Amino acid sequence: MKNCVLQRRNKRLRTKNSPERRDWKRMKLEDDDGIQEEDDTKGGEFSHPIPWQKIEAEGLDCDYALIFSKKEADELFQHLEEEVVYSTGEEAKVQVYGKVYNIPRKQATYGDTDLTYKYSGVTRSACPWTPTLENIRDAVTKATGHTFNFVLINRYKDGLDHMGEHRDDEKELDPACPIASISLGAERDFIFRHRDARGRNGSRQIEPLKLELAHGSLLLMNPPTNTFWYHSLPVRRKILQPRINLTFRRILNCKKLK
DNA sequence: GGACCACCACCGAC
DNA sequence: CGTCGGTGGTGGTC
């Protein structure tokens, strides 16, 4: 599974006037002690067992696998490029600390009829599923045994498009259902940081985790990961190709649009 | 190898 | 969950 690499940060010696900084240490995913191969126990119906890799840390529980071949993933990417309609104008802006910004990526929301989803202070309604999105959704269900009624799509046109650190802790997310994240296109780094290891007073020293999310991969973020760990997709200037990410979710308390 | 420099990643502040 | 700035690492070149 050489196209998924986990990196951990090592503590670096404290210098006399600087806060502690840490360096990344790169290692193969399957060699890490927090990561292990596991059997295909997720009720998948693929003809071959899916080689899941477990990613675990304190309060973090993820599963990672390549579920699409390169050819399949290439086709899905192309179809999404043709089908998905991304938000523009006001819907492509966000307000943070009192200032309005254009989000540094493109976003779209699809799902069951009349579903709405609130995140980052804005309420979005779901567009009806497209054929390609239904195909991917059904493949994710077969691979995981979970059903989903909503997908948030983020398109990063190159390594300058990114997403800041956050948790998916929205109230209307089913707390028992994992979030399933499909990656298509350029491989990007994906960083997890424990909430108690952030900031100056975050005196707990829990190492961040770094994943490389490959073309055609599925990352399952199981509870309680989103309670304890922030995640982000940082800028990577060397990446020149686009990446499309689909996060499938289950939303409760579906509010009907009036 | 060392000095220099441009670039880039990290992370706290807001 | 946005940008900005401080800071220090990285890597190319002479």
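Letters A, B, ... are given to chains in the order of the sequence lines, protein chains preceding strands, and every chain is numbered from 1. In this text the structure is predicted, and so the values were computed from the model without any measurement.
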Salt-bridge test for A/Arg243 and A/Glu187: reply yes if a basic N is under 4.0 Å from a carboxylate O, no otherwise.
no
Are A/Arg188 and A/Tyr156 in a cation-pi contact, defined as NZ or CZ under 6.0 Å from the six-membered ring centre and within 45° of the axis?
yes
Round to a whole Å and report the spacing from [atom1] of [X] to [atom2] of [N].
X	N	atom1	atom2	value
A/Glu207	B/dC11	CD	P	12 Å
A/Leu160	B/dA9	CG	P	9 Å
A/Asp189	B/dA9	CG	P	9 Å
A/Phe190	C/dC1	CZ	C1'	14 Å
A/Lys210	B/dA9	NZ	C1'	9 Å
A/Leu209	B/dC10	CG	P	14 Å
A/Lys99	B/dA13	NZ	P	17 Å
A/Tyr230	B/dC10	OH	P	19 Å

Short side-chain N/O contact to [N] OP1/OP2 from [X], under 4.0 Å:
X	N	answer
A/His162	C/dT3	yes
A/Arg167	C/dC1	no
A/Arg236	B/dC8	no
A/Arg237	C/dT10	no

Counting side-chain heavy atoms from CB outward, which of B/dG12, C/dC1, C/dG2 is closest to A/Tyr101?
C/dG2
Which of the following nucleotides, B/dG12, C/dC1, B/dA9, is nearest to the side chain of A/Val235?
B/dA9
Side chain to side chain donor-acceptor pair (under 3.5 Å) for A/Asn245 and A/Ser181? Distances and angles first, verdict last.
CA-CA 7 Å; A/Asn245 179 63; A/Ser181 171; 2.8 Å; yes
Mutual orientation of the aromatic rings belonging to A/Phe192 and A/Phe190 [parallel < 30°, tilted 30-60°, perpendicular > 60°]
perpendicular
Determine, step by step, whether A/Asp63 and A/Gln53 satisfy the side chain to side chain contact (heavy atoms under 4.5 Å, CB included) criterion, reporting the C-alpha distance in whole Å, the side-chain angles of both residues, the deciding distance to 0.1 Å, and the verdict.
CA-CA 6 Å; A/Asp63 298 280; A/Gln53 296 179 349; over 6 Å; no
